[in-house]
Amino acid sequence: MGHRVLVVDDDPTVSDVVRRYLEQDGCEVRLAADGADGLAAIAAQRPDLVVLDLMMPGIDGLEVCRRLRRQLPDLPVIMLTALGEEADRVLGLEVGADDYVTKPFSPRELVLRIRSVLRRTAGHPPSPAAPAKLVDAELTVDVTRRLAGLNGAALSLTGREFDLLVFLMRHPGRPWSRAELLDKVWGWQFGDQSTVTVHIRRLREKVEKDPAEPHRIRTVWGVGYRYDPVAGGAQP
């Protein structure tokens, strides 16, 4: 892979196992034992992705993620959460984590999740059949450069939020179930569908004039979600 990954976890056993698996996969890995060290490591050298434990003494994973989203909104973050703590997983997604893995976890699963996130945030050019730029009234998306704007101002989107917006804009008028979006956007054949719900909510807060009354990203009751362009159709 050749990517730089920072692992922030106060459990040295977990950190060492994750490091060994990532290095076997070709990653350059740095370790941080707590949130403060993690933030300092990111300031010294920006990684390509951060693996971030939720529960740590001092500055916990949620606060680290909040600060990263204010400073580096496009930096991919995978959160490590305790098994069965759904509220914590949802909260991690709400503060901007791109993905999560529950403890105890398979290191190979974590490597696959990291691959998936990095692949989708690498900025590969679209296929010839797919437009490189999408426009819906005042909403613009440059797919190749992974930039989005609304009313001339840049939108601060996480990697997953950007991918979700692009996918929906490229398929207007078609309702998608949460399971389908997990497959198409996250690359998951199965998983916690609340991940989609949280990302839809966050995306609405950024692209809708009134997130409580969305006009672009509509809920199709009993099915899922649909993108309705306000300009009559997203144009390349």
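Computed from a predicted model, the values in this text were never measured in an experiment.
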Atom of [X], atom of [Y] and distance for their closest heavy-atom approach:
| X | Y | result |
| --- | --- | --- |
| V64 | G35 | CG2-CA, 3.6 Å |
| G96 | T158 | O-CG2, 3.6 Å |
| D34 | V8 | O-CG1, 3.4 Å |
| C65 | A97 | SG-N, 3.7 Å |
| S15 | L31 | O-CD2, 3.8 Å |
| L80 | D53 | O-OD1, 3.4 Å |

task = Please assess Y225 against T219 for the test side chain to side chain contact (heavy atoms under 4.5 Å, CB included), listing each intermediate value before the final yes or no.
result = CA-CA 5 Å; Y225 304 100; T219 297; 3.7 Å; yes

Residues in side chain to side chain contact (heavy atoms under 4.5 Å, CB included) contact with [X], at least two apart in sequence or another chain:
| X | value |
| --- | --- |
| Q71 | R67 |
| P211 | R204, E205 |
| R108 | Y21, D25, S106, V111, R115 |
| Q45 | R4, E28, R30 |

Under the salt bridge (Lys or Arg N to Asp or Glu O under 4.0 Å) rule, collect the residues that match up with [X], sequence neighbours excluded.
| X | answer |
| --- | --- |
| D99 | R113, R160 |
| R226 | D228 |
| R202 | E161 |

Side chain proximity check, [X] to [Y], heavy atoms < 4.5 angstrom:
| X | Y | result |
| --- | --- | --- |
| R146 | V166 | no |
| K206 | L165 | no |
| I42 | P47 | yes |
| V101 | I78 | yes |
| F105 | V14 | yes |
| R46 | L75 | yes |

Residues joined to L147 in its hydrophobic cluster, side chain to side chain under 4.5 Å directly or through other members, sorted by chain and number, are none

Interatomic distance, [X] atom [atom1] to [Y] atom [atom2] [nearest 0.5 angstrom]:
| X | Y | atom1 | atom2 | value |
| --- | --- | --- | --- | --- |
| L150 | K209 | CG | NZ | 9.0 Å |
| L22 | I114 | CG | CD1 | 4.5 Å |
| Y100 | L52 | OH | CG | 16.0 Å |
| I217 | I200 | CD1 | CD1 | 5.0 Å |
| Y227 | L203 | OH | CG | 9.0 Å |
| T102 | L54 | OG1 | CG | 12.0 Å |

Without swapping roles, check the side chain of [X] against the backbone of [Y] for a donor-acceptor pair under 3.5 Å.
| X | Y | result |
| --- | --- | --- |
| D98 | G159 | yes |
| D142 | K133 | no |
| E208 | R216 | yes |
| N151 | A153 | no |

Determine, stepwise, if the pair V196 / V185 fulfils side chain to side chain contact (heavy atoms under 4.5 Å, CB included).
-> CA-CA 9 Å; V196 176; V185 179; over 6 Å; no

Check: Yes or no on side chain to side chain contact (heavy atoms under 4.5 Å, CB included) for D136 and M169, after CA distance, side-chain angles and deciding distance?
Finding: CA-CA 8 Å; D136 179 24; M169 290 183 73; 4.0 Å; yes

- Taking NZ, NE, NH1 and NH2 as the nitrogens, is one of them in D163 or K184 under 4.0 Å from a carboxylate oxygen of the other? no

Hey, is CD on E213 packed in by over 12 heavy atoms from elsewhere, all under 6.0 Å? no

Is there a side chain to side chain contact (heavy atoms under 4.5 Å, CB included) between D60 and E63 once you walk through the steps?
-> CA-CA 6 Å; D60 64 15; E63 180 58 26; 3.5 Å; yes

The complete set of ring pair (Phe, Tyr, Trp, His ring centres under 6.0 Å) pairs with one or both residues in residues 139-181, sequence neighbours excluded, reads F167-H171, F167-W176, H171-W176

So salt bridge (charged side-chain N to carboxylate O under 4.0 Å, His left out) across residues 10-22, not counting sequence neighbours, yields D16-R19, D16-R20, R19-E23

Testing the 3.5 Å rule here: is there a donor-acceptor pair between the side chains of R178 and T197? yes

